[in-house]
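Both ligands and their constituent atoms are indexed starting at 1 by order of listing. No hydrogens, no waters, no symmetry mates; every other heavy atom, side chains included, goes into these values. Model, not experiment: these values are computed from the prediction.
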Amino acid sequence: MAADVRPSGPPMMTERDGLRPKFDYDCLIVGGGPAGLTAAIYLARFHLSVLVVDAGKSRAALIPLSRNHAGFPEGISGAELLDRMREQARAYGAELREGLVIGLQRSTTGFTAQIEDKRLRAKTVLLATGVINRRPPMTDDACHDEGLASGRLRYCPICDGYEVTDRRIAVLGTGERGCNEALFLRSYSADIALVAPYQSHALDNEQRSLLMDAGIRIAGQCSALRLVDGGIELVVDGQPERFDTLYPALGSDIRSELAGQVGASRSADGCLTVDAHQRTDVPGLYAAGDVVLGLDQISHAMGEGGVAATTIRNDLARKTPLRR
Ligand SMILES: Cc1cc2nc3c(=O)[nH]c(=O)nc-3n(C[C@H](O)[C@H](O)[C@H](O)COP(=O)(O)OP(=O)(O)OC[C@H]3O[C@@H](n4cnc5c(N)ncnc54)[C@H](O)[C@@H]3O)c2cc1C
């Protein structure tokens, strides 16, 4: 069922009108990945009205087959997992809508969100907006997606390092991030090269010795890369080299800009900071999943979604404790 979203135009009732503000939803969830959808399932089952607005770029949708997500011994694709979660959320009355939330404003009692050309009001907002991985320079999106689907390109060693045990692995990165990713992968394979994304590596002496002690090759600059039969070819210092798989370690962009609009605190790298119950420091605003500093994993995103939803329910119940 399509969400009942008000058209923009005539101003909505405000607290300055001296009237009790009318809300469209108890909770607006921004982001329909594992964190947002888990929260939607919980909130709908708490008999609260909930709308999920999702721009359709969940990182989970990129997972060809997740083998570390508990309960699926044969593995499950990210797309199927999301489909199942959407079905479950809808079954309990959560409304799901495709779209991009472009603005968020806070009043003393709730929030107004701008969803493309529409506005709506919610008592609470959960930000489950995730992050976007920075991609390696590849010729086109189709090539990138083909690399992901075939496992020649991977983004998450915690998720799928096991699958590349004893393979020839390149890590595209440098500095602390590149060094840590290469060292993490060293417990899966003895054949690891750390390839510089720029002209030279930004490694200090301690990082260089850690890498060398672990037998990780510090390779030169990657100027081009392409998929080849059964692997991925990187041009390193002008010479083509074939690897079984490539892990870009180029960092990610945190989707926390809406939190910035209402003045919520963020860490230096843009992650949202929350208390142990997923509350931000803006009353009524909660956050869960990758957008919060923590382990970027489905299980963690789901756990935080469940905690956030229960906190939202309990915070709202302090104001309206009984079912009408
Ligand atoms: C290739 C790959 C493989 C992975 N494999 C695994 C694995 O095997 N196991 C595992 O546990 N984890 C894996 N992960 C990590 C996992 O996908 C993430 O940890 C998980 O998706 C985080 O969930 P989330 O709900 O926080 O964010 P996401 O799933 O990224 O969802 C966030 C959603 O919010 C939407 N959004 C953002 N801003 C707005 C806005 N302003 N308005 C509306 N919508 C918005 C986005 O479009 C997106 O749909 C993998 C990640 C990648 C990239």
Side-chain angles (χ1 to χ4, degrees), residues 3 28-41 51-72 75-82 85-86 89 96-104 113-116 118 120 125-136 144-145 147-164 245-262 270-272 274 278 286-306 308:
L28 165 68
I29 299 177
V30 189
L37 290 173
T38 301
I41 294 164
L51 171 69
V52 181
V53 179
D54 184 44
K57 299 274 184 205
S58 167
R59 288 212 305 145
L62 300 173
I63 308 173
L65 192 71
S66 173
R67 296 175 198 269
N68 76 342
H69 188 52
F72 296 93
I76 183 163
S77 77
E80 187 184 347
L81 185 67
L82 291 170
M85 294 181 77
R86 283 190 282 261
L96 311 185
R97 184 189 171 90
E98 284 174 22
L100 184 69
V101 179
I102 53 174
L104 194 62
Q114 184 81 31
I115 301 158
E116 287 151 17
K118 308 262 170 33
L120 65 81
V125 172
L126 171 64
L127 295 178
T129 41
V131 305
I132 299 175
N133 291 113
R134 293 189 196 129
R135 294 181 171 198
H144 175 271
D145 294 351
L148 267 185
S150 59
R152 287 172 282 175
L153 178 66
R154 297 172 182 270
Y155 280 96
C156 177
I158 296 176
C159 312
D160 51 25
Y162 185 91
E163 274 62 53
V164 291
T245 201
L246 168 71
Y247 280 90
L250 303 170
S252 47
D253 296 312
I254 321 294
R255 301 294 312 271
S256 61
E257 51 289 350
L258 291 173
Q261 293 180 16
V262 289
C271 285
L272 283 168
V274 292
Q278 307 303 133
Y286 306 78
D290 286 359
V291 74
V292 175
L293 194 62
L295 189 67
D296 288 353
Q297 288 285 282
I298 295 169
S299 56
H300 201 243
M302 287 181 168
E304 288 190 346

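- The ligand atoms of ligand 1 that sit less than 4.0 angstrom from a heavy atom of D296 are 15 (C), 19 (O).
- Residues L100 and V53 form no side-chain contact, since every pair of their non-hydrogen atoms from C-beta on lies 4.5 Å or further apart.
- For ligand 1, the atoms closer than 4.0 angstrom to any heavy atom of V53 are 43 (C), 44 (N).
- Side-chain contact between S256 and T129 is absent, with no heavy atoms from C-beta onward closer than 4.5 Å.
- Distance from atom 34 (O) of ligand 1 to its nearest protein heavy atom, with residue and atom name: G31 CA, 3.2 Å.
- Comparing I63, I115, D54, L81 against atom 2 (C) of ligand 1, the shortest heavy-atom distance belongs to I63.
- Nearest residue to atom 28 (P) of ligand 1 from S58, A70, G151, G78 is S58 (criterion: closest heavy atom).
- When each atom of ligand 1 is checked for a heavy atom of L100 under 4.0 Å away, the hits are 40 (C), 41 (N), 42 (N), 43 (C).
- For atom 47 (O) of ligand 1, the nearest protein heavy atom (residue, atom name, distance) is K57 N, 2.9 Å.
- Remark: ligand 1 and D290 share an N or O pair separated by less than 3.5 Å (distance only, no angle test).
- Near N133, with a cut-off below 4.0 Å to any heavy atom, the atoms of ligand 1 are 53 (C).
- When heavy-atom distances to ligand 1 are checked against a 4.0 Å cut-off, I158 has no atom that comes that close, whether in backbone or side chain.
- Side-chain contact between H144 and L153 is present, with heavy atoms from C-beta onward closer than 4.5 Å.
- Atom 30 (O) of ligand 1 has as its closest protein heavy atom R59 N, 3.0 Å.
- Contact annotation: the side chain of I298 approaches that of L81 to within less than 4.5 Å [non-hydrogen atoms, C-beta and beyond].
- If you look at N68 next to ligand 1, the close heavy atoms, those under 4.0 Å, all belong to the side chain.
- At a 4.0 Å heavy-atom cut-off, ligand 1 touches A301 through the side chain alone.
- Of all heavy-atom pairs between L126 and A288, the closest is CD1-N, 3.9 Å.
- For the pair E304 (side chain) and G289 (backbone), a donor-acceptor distance under 3.5 Å is present.
- Considering backbone and side-chain atoms alike, A288 places every N or O at 3.5 Å or more from each N or O of ligand 1.
- A donor-acceptor contact closer than 3.5 angstrom is absent between the side chains of D290 and Q297.
- Numbered from 1 in the order shown, with element, the atoms of ligand 1 that lie under 4.0 Å from a heavy atom of A60 read 17 (O), 21 (O), 29 (O).
- For G306 against T38, the heavy-atom pair with the smallest separation is N-CG2, 3.8 Å.
- Summary of contacts: the protein heavy atom closest to atom 41 (N) of ligand 1 is V101 O, 3.0 Å.
- Polar contact check, P34 against ligand 1: a nitrogen or oxygen pair lies under 3.5 Å apart.
- Salt-bridge check for R97 with D54: failed, with every basic side-chain N at 4.0 Å or more from each acidic carboxylate O.
- Annotation for F72: atom CZ counts as buried by contact number, over 12 foreign heavy atoms lying within 6.0 Å.
- Protein heavy atom closest to atom 16 (C) of ligand 1, with residue, atom name and distance, is I298 CG1, 4.0 Å.
- For V30, every heavy-atom contact with ligand 1 shorter than 4.0 Å involves the side chain, none the backbone.
- For atom 44 (N) of ligand 1, the choice among A55, A61, A128 with the nearest heavy atom turns out to be A55.
- Of the listed options G294, S66, C159, G36, C159 places a heavy atom closest to atom 12 (N) of ligand 1.
- Ranking the protein heavy atoms by distance from atom 1 (C) of ligand 1 puts L148 CD2, 3.8 Å first.
- Residues D296 and Y155 bring no donor and acceptor atom of their side chains to less than 3.5 Å of each other.
- Below 3.5 Å of separation, one finds no N or O of D160 facing any N or O of ligand 1.
- The residues E116 and K118 are annotated as not salt-bridged, no charged nitrogen and carboxylate oxygen being separated by less than 4.0 angstrom.
- With a 4.5 Å cut-off on side-chain heavy atoms, L82 and P34 count as touching.
- Considering backbone and side-chain N/O of E257, none are found under 3.5 Å from N/O of ligand 1.
- Within the 4.0 Å heavy-atom criterion, the part of L258 lying near ligand 1 is the side chain and not the backbone.
- Contact annotation for R255 and ligand 1: only side-chain heavy atoms (C-beta onward) come within less than 4.0 Å of the ligand.
- Each of the following atoms of ligand 1 lies closer than 4.0 Å to a heavy atom of G33: 25 (O), 29 (O), 31 (O).
- On a distance-only criterion, A35 and ligand 1 share at least one N/O pair closer than 3.5 Å.
- Contact annotation: the side chain of I102 never approaches that of I115 to less than 4.5 Å [non-hydrogen atoms, C-beta and beyond].
- Annotation: R67 places no N or O atom under 3.5 Å from an N or O atom of ligand 1; distance criterion only.
- The salt bridge (Lys or Arg N to Asp or Glu O under 4.0 Å) test with D160 is passed by exactly one of R67, R154, R152: R154.
- At least one heavy atom of G99 sits less than 4.0 Å from an atom of ligand 1.
- Within the listing of ligand 1, atoms 26 (O) sit less than 4.0 angstrom from a heavy atom of G289.
- Side-chain contact between L258 and V101 is present, with heavy atoms from C-beta onward closer than 4.5 Å.
- For ligand 1, the atoms lying closer than 4.0 Å to a non-hydrogen atom of G130 are 27 (O), 32 (C).
- Among protein heavy atoms, the minimum distance from atom 37 (C) of ligand 1 is reached at T129 O, 3.2 Å.
- Expressed to the nearest 0.5 Å, how far CE of M302 lies from CD1 of I41 amounts to 7.5 Å.
- For the residue pair A89 and L96, the shortest heavy atom distance occurs at CB-CD2, 4.4 Å.
- Contacts of L37 with ligand 1, taken as heavy-atom pairs under 4.0 Å, are absent altogether.
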Criterion side-chain contact (heavy atoms from CB on, under 4.5 Å) on V291 and C271, from CA distance to verdict: CA-CA 6 Å; V291 74; C271 285; over 6 Å; no
